[in-house]
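Contents: one structure, followed by commentary.
Values below: every heavy atom of this structure, side chains too, minus hydrogens, waters and symmetry copies. What you see is a predicted model, and the numbers here were worked out from it, not measured in a lab.
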Amino acid sequence: QVQLVESGGGSVQPGGSLRLSCAASGRIISIGDMGWYRQAPGKQRELVARITMGGGTNYADSVKGRFTISRDNAKNTVYLEMNSLKPEDTAVYYCNAAIMQYTGSRTLSYWGQGTQVTVSS
């Protein structure tokens with residue numbers, strides 16, 4: 001079955017950087033849009049960044065200029081480079097991907113398991 005596995009989370013000081021990775025595996029035909037979401041304590045899950053199959057990107061205003069989303073289609077992987085991290089960036093980060101799979105020959109939305117990012121001094 002198709003699954004997304006995230007890595008790269010951790011704890012950093014304000015102003016630090018982290019790079020999150022999310023790799024898709026399984027019987028994949030193609031991957032459409034991919035994105036990163038986050039959920040902070042007591043808050044709703046929100047879109048952080050998204051990237052289309054062709055490389056077009058969108059960012060939440062709160063992270064624009066600090067975060068960069070990218071993808072490596074050969075590796076079925078999406079990345080989120082996070083710079084100038086702030087305490088308010090603390091959240092569980094989830095990747096999401098629209099995946100066309102052999103089973104059922106259909107496109108489904110998949111979620112990663114989530115990875116914790118903590119920014120504090």
Going hydrophobic residue to hydrophobic residue with side-chain gaps under 4.5 angstrom, can you get from Ile31 over to Val5?
no
Any idea which heavy atoms bring Ser21 and Thr77 closest together, and the distance?
CB-CG2, 4.5 Å
To check you understand the geometry: which heavy-atom pair defines the closest contact between Pro14 and Ser121, and what is its length?
CD-N, 3.8 Å
From Glu81 CD over to Leu18 CG, what is the distance, rounded to the nearest 0.5 angstrom?
8.5 Å
Find out if a path of hydrophobic residues (ILVMFWY) with successive side-chain heavy-atom gaps under 4.5 Å connects Tyr59 to Tyr94.
no
Asn96 and Ser109 side chains, donor-acceptor separation under 3.5 Å
yes
Quick one: does Gln116's side chain get under 4.5 Å of Val92's, heavy atoms only?
yes
I'd like to know whether CD of Glu88 has more than 12 heavy-atom contacts from other residues, nucleotides or ligands below 6.0 angstrom.
yes
Could you pull out the closest heavy-atom pair between Thr90 and Pro41, with the gap in Å?
O-CD, 4.4 Å
Taking the side chain from Arg71 and the backbone from Thr52, do they hold a donor-acceptor pair closer than 3.5 Å?
yes
Does any non-hydrogen side-chain atom of Phe67 lie less than 4.5 Å from one of Leu85?
yes
Give a yes or no on whether Met53 and Ile99 share a hydrophobic cluster (residues Ile, Leu, Val, Met, Phe, Trp, Tyr; joining criterion: side-chain heavy atoms under 4.5 Å apart).
no
Here the gap from Ile29 atom CD1 to Met100 atom CE, rounded to the nearest 0.5 Å, amounts to 4.5 Å
At what distance, to the nearest 0.5 angstrom, does CD of Gln113 lie from CD of Gln3?
8.5 Å
Side-chain heavy-atom pair Ser120, Ser11 within 4.5 angstrom cut-off
no
Passing option when Arg38 is tested against Val117, Leu80, Val63 for side-chain contact (heavy atoms from CB on, under 4.5 Å)
Val63
Residue that, paired with Glu6, satisfies side-chain contact (heavy atoms from CB on, under 4.5 Å) out of Val78, Thr115, Leu20:
Thr115
Would you indicate whether Arg27, at its atom CZ, is surrounded by more than 12 heavy atoms from other residues, nucleotides or ligands within a distance under 6.0 Å?
no
Between Ser70 and Ile51, the two heavy atoms sitting closest are CA-CD1, 3.8 Å
Check the hydrophobic clustering (I, L, V, M, F, W, Y; side-chain heavy atoms under 4.5 Å; chains of links allowed) and say if Val119 and Trp36 are grouped together.
yes
Are Val2 and Met34 co-members of a hydrophobic cluster defined by side-chain heavy atoms under 4.5 Å apart?
yes
With a 4.0 Å cut-off on N to O distance, would you call Asp89 and Lys86 a salt bridge?
no
